[in-house]
Structures are given as structure tokens and as C-alpha cells.
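Take a look at the structure set out below.
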Amino acid sequence: MPRGEEPEETRRPDLADPDSFAGVDELGALAHSDDGDDERDDLEPDLDAPDAAYTVGGGSRGGIGGIGQLGDNLALGPVPDLIADEGAELHELDDEGAPAEYGDENGPQARRELMAVEAELNQRWPETKLEPSLARIQALTTLLGEPNHGYPVLHIAGTNGKGSVARMIDSLLTRMGLRTGRYTSPHLQLVTERIALDGRPVSAARYAELYQDVAPYVAMVDGASADGVPMSKFEVLTGMAFAAFSDAPVEAAVIEAGMGGAWDATNVADGQVAVITPIGLDHTDYLGPTAVDAAAEKAGIIKPGAVAVIGEQDPEVLNVLLKRAVEVDVAVARAGSEFAVLEREIAVGGQMLKLQGLGGVYDEIFLPLHGAHQAANAALALAAVEAFFGAGKDKQLVVEAVREAFAEVENPGRLEHVRAAPAVLVDAAHNPMGARALATTIADEFHFRRLVAVVGVLSDKDARGILDALEPVVSDVVVTRSSSPRSLPLEELAALAGSIFGEERVLAEPDLETAIETAIGLVEQSDDPEEPLAGGGVLVTGSVVLAGDARTLFGKGPA
């Protein structure tokens with residue numbers, strides 16, 4: 001039967017035509033279960049089940065057992081101040097100071113609502129499974145009134161450093177007086193970290209409210225999917241972020257691509273500035289087997305009218321990005337050419353930098369982060385913000401404001417100190433490129449008497465590449481599993497580590513808490529009674545999830 005003669009009740013709305021959604025049942029299609037168990041789709045979530053983040057953190061005990069670490073492990077995150085001081089500007093408040101629906105926007109009731117939303121969203125396709133297309137997210141944003149076009153966007157793609165650069169850009173824009181929104185992924189501890197306003201995660205209550213606002217429209221898009229593929233969790237979260245930024249409203253949005261660029265859900269926003277961090281191998285099943293293939297996908301965020309700000313790249317990758325810039329006729333700023341790190345000196349708690357920006361030289365910049373890669377990230381973030389404000393040869397940002405912004409940068413899970421004596425460092429490196437940068441920083445900036453790594457890797461990551469990178473800078477490794485069901489099986493990771501480190505340097509523990517305690521024990525033992533015990537350290541790395549688990553164990557809240 002020709003399409004024009006289809007009975008009215010059998011016609012399916014067209015994702016590209018918002019008018020075709022009229023009369024669609026808002027219950028939409030059934031949620032998609034990634035495990036193939038259709039019976040689970042019909043189960044009500046157990047809202048009285050233990051909070052995962054709370055449980056990982058040791059429940060009411062707080063801290064990590066047996067090593068004298070104090071702290072409350074509720075991991076509720078910062079609570080916004082909903083009461084305005086007299087004379088305060090409204091853009092500094094959530095909902096213009098309106099009373100909260102909950103007594104505590106991150107309290108038990110709000111967390112209960114958050115758990116219910118997550119239980120529902122987790123039945124959708126996860127970020128590791130996708131059908132490359134912008135049709136679904138475009139349909140959703142159209143139904144929402146195109147909130148993705150309501151504010152200027154700085155769009156970030158790349159393999160490593162995206163989250164760090166996003167936080168630096170956010171800090172710079174905030175210091176320049178703008179109200180900002182930030183959308184990043186994945187999160188370390190709590191999903192609310194992904195959507196931030198003025199540098200802080202939205203509350204649990206606000207997250208649940210955002211979902212309830214977009215849910216009817218999500219169902220409409222699900223019901224209109226001709227190929228039977230409903231919206232993924234990442235696509236829904238992206239719509240929630242756009243809506244949150246529109247409601248605030250923000251004056252600039254810092255958006256991190258989830259995977260790739262051209263078909264990433266975030267690419268329905270047109271970035272005024274397109275920022276490309278260093279590109280390497282990751283997600284090869286979707287982005288291709290080489291860094292050049294990945295670059296071709298990530299270059300898709302560079303669009304007409306933008307300024308492309310490109311971080312340090314291998315020559316063949318840079319050529320791909322420059323070709324895209326020529327195709328869409330955009331201005332380009334490149335690391336090492338238009339901007340650069342001029343000087344870098346290791347300092348207590350970080351490093352002192354002298355940066356060449358698009359508008360001139362910025363000196364005496366203290367960055368409370370370690371590593372040459374973070375210095376490069378700082379130069380990239382600075383150039384992006386200069387491009388956003390139109391800075392050039394005769395137009396420089398206020399140097400003191402730049403200094404203040406960088407000094408205030410917080411970057412959880414990036415060589416973060418969570419304990420002293422012995423030092424415990426947490427880093428979210430989860431691919432060989434990140435692990436190599438981590439190893440270089442350890443070798444150049446730290447002088448441990450003995451460093452033991454606690455490593456857990458997800459099954460879809462290059463565990464061998466990560467372990468190879470770490471081997472020269474650590475004395476022993478304790479392999480373990482994170483809270484993710486996608487963790488590489490313990491026996492498999494232990495065997496792989498043994499082939500790289502030698503079996504005498506490898507231990508295996510089934511959970512992170514025990515693994516850290518074992519690592520501390522190794523650091524504190526010595527066959528020489530004359531050898532000082534000071535100067536030992538533990539490095540927890542290999543996975544974003546593992547880094548988040550470690551932060552929770554040590555009483556660190558989402559940030």
C-alpha cells in the first residue's frame with residue numbers, strides 16, 4: 001500500500017517532522033533492556049535498595065576501613081544555597097531563589113527520586129552501545145523547543161583531556177562573569193556531576209525534575225522510531241542538559257562530546273568554538289582502527305561560523321582536522337603555533353605556567369594540577385575562551401582574572417590526593433594514551449620510595465596498553481574490580497598483569513577496599529629495618545569507575 005494510503009492508526013510519526021507527532025501516545029515504546037531479559041523491563045525498581053554510591057563507600061561507617069581515614073560517605077554532593085542575599089544577582093541562583101520542593105535537594109527523598117529515574121534510564125541502551133544517528137536527539141530537541149540553540153556553545157571533542165579542558169573553560173568563563181552550564185561524561189560518582197550550573201552539579205531533586213520534564217517527549221520519539229531503536233540513555237541525558245541550560249538560563253554552555261563528534265548526540269548544538277583535544281585510539285569499534293579514523297569523526301564538531309581551537313596532535317591527525325577546517329571555511333588556532341606553553345615549573349600542589357595565548361602572554365599562572373599534559377590543557381582552554389570572547393593580537397583577557405580562574409580549577413580523579421602517609425593518588429586514566437601521560441607525570445614530578453598501583457580496567461578497554469604504560473613507574477600492582485559489571489574479570493586481569501610485571505610483582509584482590517589496604521601494606525613493608533618508611537605511595541587507576549569508587553571510599557563527594 002502506498003504510504004499516502006496507510007490507515008491513520010498505522011502511520012508512524014516522522015522523526016524529521018515535528019508536526020507528525022500530533023496525537024502520539026505519550027507512553028511511547030517500551031524501554032530497551034541491554035541484557036536481553038524482557039521480563040526485567042516490567043519490574044518496578046526497588047527504591048528501598050541500598051544506594052550504590054553509599055554502599056561502595058562503606059555505608060554508615062564512612063571512610064575506608066582499617067587505615068584511619070575519617071569522613072562521611074553519603075556522597076550527596078554540594079547543596080545549592082536557595083536563599084538569596086539581599087542585592088544578589090539572580091543569575092547566581094537556581095530558579096531565581098524559588099523555594100525548593102524538597103527540604104533538602106540532595107537529601108534522602110531527593111536521592112530516592114534520583115534512584116527511580118536512574119532505574120528507568122538504565123533500561124535504555126548504555127553509552128557503550130549505540131546506533132550512530134542524530135535523528136532521535138534532533139527530534140527530541142525540536143519537541144523541546146530547540147533549547148540547544150538558546151545560548152552560545154563551546155564544544156569539545158578528542159580522546160583525552162576533554163573533561164579537564166571543560167572544567168578549565170568553565171572556570172575561566174565563570175571568572176569572566178558569565179553564568180555557565182557544563183555537560184560532561186562519564187561521571188565519577190554520581191550522575192548529577194554530568195550537568196553542572198556555575199561549576200557545580202545540579203541537585204538530585206533537579207536531576208529528577210529535568211527527567212520528568214523531558215520524559216513525555218522522549219516517549220514520543222521512542223514511539224516514532226522507524227527502526228525500532230529507542231533513545232539511548234546518553235541521548236536522554238543530553239536533552240536534559242540542554243533543557244537545564246535553557247531554563248537557568250546560561251550565558252555560555254561548555255559541552256563535551258560523549259563519543260566521536262559528527263554523530264554524537266551533543267552535535268545538535270552548533271559550537272561557536274570547536275575545541276579538539278589530543279586524539280588517540282579509543283572506542284575503535286565505533287570510531288575506527290586508527291587515530292586518523294577517529295579524527296575524521298571528531299572533526300565533525302567543526303562547523304561553519306566556528307573557530308577551531310586544536311590541541312597537540314600527531315601530524316596525520318592534524319591534517320585531517322585542518323582539512324575539515326578548510327572545507328567549512330573556519331578560522332583555526334593550533335597548539336604550538338597560535339598558542340603554547342612557554343614555560344612550566346613544578347610547584348607545590350601543581351605547577352607555575354607562562355602561556356602564550358591568542359591575545360598575548362599570560363604569566364604567573366598557578367595551576368593546581370600535575371603534569372605537562374595538564375599545562376597543555378590549560379593553554380588549550382585559554383585559547384578557546386579567548387576565541388569565544390574574540391580576543392586577538394590587540395585584545396587580551398584580564399590577566400588577573402585568568403590567574404584566579406586557573407588557581408580555582410578543581411579536577412576530581414586526575415592525580416588527586418585523597419590520603420597522606422602513605423600518599424594515595426587517584427587518576428581516571430582508562431586508555432593507553434592517558435596512562436602514558438600519567439606515567440610520565442609520576443616519573444617527572446613525584447619521587448616515591450615505592451609506588452604500588454591498584455588497577456581495575458573495564459572489559460572493553462585496552463588493559464594491556466594501560467599496564468604496559470604503568471610498569472616502568474610502579475614497583476608492584478594489585479589488580480581488582482570496580483563496581484561496574486563491565487569490569488574485566490579478576491583472573492583475566494591478573495594473568496595479563498603477570499605477563500607484563502612478572503608474577504612476583506602482582507597481587508589480586510576481589511574488591512577495591514581490600515586492594516587498597518593490600519597496596520598500603522606493601523608500601524609500608526621493608527626487608528631493611530634501616531630503610532625509612534616515608535615516601536611510599538599508592539596509585540589507584542585504570543578506569544573512571546574505579547577512580548569514582550576510590551573517591552567515595554575516601555569520603556569525597558561528587559564535584
Side-chain angles (χ1 to χ4, degrees), residues 55-59 61-71 73 413 415-430 435 438-439 442 446 448-458 463-464 466-484 487-529 531-556:
T55 302
V56 168
R61 291 183 291 113
I64 180 169
I67 60 176
Q69 178 67 34
L70 301 178
N73 262 323
L415 263 178
E416 180 182 12
H417 290 254
V418 295
R419 186 186 192 271
V424 177
L425 305 175
V426 175
D427 194 274
H430 58 280
L438 170 60
I442 291 291
F446 294 85
F448 290 108
R449 172 185 57 81
R450 184 176 188 180
L451 180 65
V452 177
V454 174
V455 178
V457 184
L458 298 186
R464 176 175 290 279
I466 293 170
L467 291 168
D468 276 334
L470 295 175
E471 191 277 332
V473 298
V474 302
S475 57
D476 305 274
V477 61
V478 182
V479 297
T480 190
R481 289 174 56 88
S482 71
S483 60
S484 171
S487 292
L488 194 65
L490 191 62
E491 297 78 9
E492 185 177 339
L493 185 57
L496 185 58
S499 70
I500 295 169
F501 285 77
E503 293 183 3
E504 70 282 356
R505 295 170 62 194
V506 179
L507 292 173
E509 297 290 358
D511 63 88
L512 179 59
E513 181 172 351
T514 306
I516 293 176
E517 291 174 344
T518 298
I520 289 174
L522 288 173
V523 167
E524 292 181 336
Q525 75 180 23
S526 174
D527 296 330
D528 182 359
E531 182 182 18
L533 296 181
V538 173
L539 172 65
V540 183
T541 191
S543 159
V544 174
V545 180
L546 193 75
D549 291 347
R551 293 193 87 246
T552 302
L553 279 172
F554 285 95
K556 300 287 187 179

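Scope of the values below: all heavy atoms of this structure, side chains included, with no hydrogens, waters or symmetry mates.
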* Run the numbers on Phe448 and Leu425 for side-chain contact (heavy atoms from CB on, under 4.5 Å), then give the verdict. => CA-CA 12 Å; Phe448 290 108; Leu425 305 175; 3.9 Å; yes
Test side-chain contact (heavy atoms from CB on, under 4.5 Å) on Leu553 and Glu513 and set out the steps. CA-CA 7 Å; Leu553 279 172; Glu513 181 172 351; 4.1 Å; yes
query: For Thr480 and Val454, what are the C-alpha separation, side-chain angles and deciding distance, and is it a side-chain contact (heavy atoms from CB on, under 4.5 Å)?
result: CA-CA 7 Å; Thr480 190; Val454 174; 3.9 Å; yes
Please walk me through it: do Ile516 and Glu509 pass side-chain contact (heavy atoms from CB on, under 4.5 Å)?
CA-CA 9 Å; Ile516 293 176; Glu509 297 290 358; over 6 Å; no
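In terms of heavy atoms, Val473 sits closest to Ala439 at CG1-O, 3.6 Å. Across all their heavy atoms, Leu415 and Asp427 have their closest contact at N-OD2, 2.8 Å. Taking all atoms of both residues into account, the shortest heavy-atom contact from Leu438 to Thr541 is CD2-OG1, 3.6 Å. Scanning all heavy atoms of the two residues, the minimum distance from Val479 to Ala497 falls at CG1-CB, 3.9 Å. The nearest pair of heavy atoms linking Ser475 to Val452 is OG-CG2, 3.9 Å. Smallest separation of non-hydrogen atoms from Leu522 and Gln525: O-CG, 3.2 Å.
From Leu470, atom CG reaches atom CG of Leu451 across 9.0 Å, with rounding to the nearest 0.5 Å. Glu517 contributes atom CD, which lies 10.0 Å from atom CG of Leu512 (distance to the nearest 0.5 angstrom). Put simply, CG on Leu496 and CD1 on Ile466 are 10.0 Å apart, with the number rounded to the nearest 0.5 Å. Taking CG of Leu458 as the start and OG of Ser482 as the end, the distance is 5.5 Å to the nearest 0.5 Å.
Looking at Ser543, its side chain never comes within 3.5 Å of a backbone N or O of His430 through a donor-acceptor pair. Formation of a donor-acceptor pair under 3.5 Å by the Arg505 side chain with backbone atoms of Val474 is found in this model. With Arg419 contributing its side chain and Ala421 its backbone, the two residues share a donor-acceptor pair below 3.5 Å.
Contact annotation: the side chain of Val540 never approaches that of Val418 to less than 4.5 Å [non-hydrogen atoms, C-beta and beyond]. Arg450 places none of its side-chain heavy atoms less than 4.5 Å from the side chain of Pro422. Side-chain contact between Lys556 and Glu416 is present, with at least one heavy-atom pair separated by less than 4.5 Å. Contact of the Val457 side chain with the Ser487 side chain is not registered, since no non-hydrogen atoms from C-beta on lie closer than 4.5 Å. For the pair Val477/Glu471, no side-chain contact is recorded, criterion being any heavy-atom separation below 4.5 Å from C-beta on. Put simply, the side chain of His417 does not reach to within 4.5 Å of the side chain of Val424, judged on heavy atoms.
In the model, Asp549 has a side-chain atom that pairs as donor or acceptor with a side-chain atom of Ser483 under 3.5 Å.
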